[in-house]
Amino acid sequence: MRRSHITLALAFGAALGLLQSPAFAAEGTVTVFQTELQPLSVYENPRGCHKLPAAAHVLANETDRPVRIYGDPFCLGPSLTVAPGYGSHVAPGSGSFSA
């Protein structure tokens, strides 16, 4: 019985590894516009999940890879893909993006 627990744990770990983002960062920048009174938020060579600023309004993907936008701060659930060289409006509040 103990052997089946170990096998199950290894299988779960392998499946989790397939769902994670690549080990290398996207090259370029992701820029987020908030308001005219705030400086742009610039993410150089982003990797993994990033919480968007509270007043985020527009995200521009200037990397060499697609970026995914999420409605929650943890990069979970449904997402929208933004291709390199494109941008998207984002919902202000608790969103996030992953690269």
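Within the 4.5 Å cutoff, the side chain of Leu59 has no heavy atoms near those of the Thr31 side chain. Side-chain contact between Leu80 and Ser88: present, with at least one pair of heavy atoms (C-beta onward) separated by less than 4.5 Å. A heavy-atom distance below 4.5 Å is found between the side chains of Leu40 and Phe33. Contact annotation: the side chain of Leu52 approaches that of Val32 to within less than 4.5 Å [non-hydrogen atoms, C-beta and beyond].
Ring planes of Phe97 and His50: parallel class, angle under 30° (limits at 30 and 60°).
In this structure, the side chain of Thr63 engages the main chain of Arg65 through a donor-acceptor pair within 3.5 Å. Between the side chain of Asn45 and the backbone N or O of Gly28, at least one donor-acceptor pair lies under 3.5 Å. Under the 3.5 Å distance criterion, the side-chain polar atoms of Ser94 are left unmatched by any main-chain donor or acceptor of Asp72. Side-chain atoms of Asn61 come within 3.5 Å of backbone atoms of Val82 as a donor-acceptor pair (strictly under, hydrogens ignored).
A donor atom on one side chain and an acceptor atom on the other are found under 3.5 Å apart for Thr81 and Arg68. When only modelled atom types and interatomic distance are considered, Thr29 and Glu62 share a side-chain donor-acceptor pair under 3.5 Å.
With rounding to the nearest 0.5 Å, the separation of CD in Glu27 from CD in Glu44 is 11.5 Å. A distance of 9.5 Å separates CD1 of Ile69 from OG of Ser96, quoted to the nearest 0.5 Å. In this structure, the separation between OG on Ser79 and OH on Tyr70 is 4.5 Å, given to the nearest 0.5 Å.
Placement of Val58 and Val67 in two distinct hydrophobic clusters is found when ILVMFWY residues are connected by side-chain heavy-atom separations under 4.5 Å, directly or transitively.
Looking at every heavy atom in both residues, Cys75 comes nearest to Ser98 through SG-CB, 4.0 Å.
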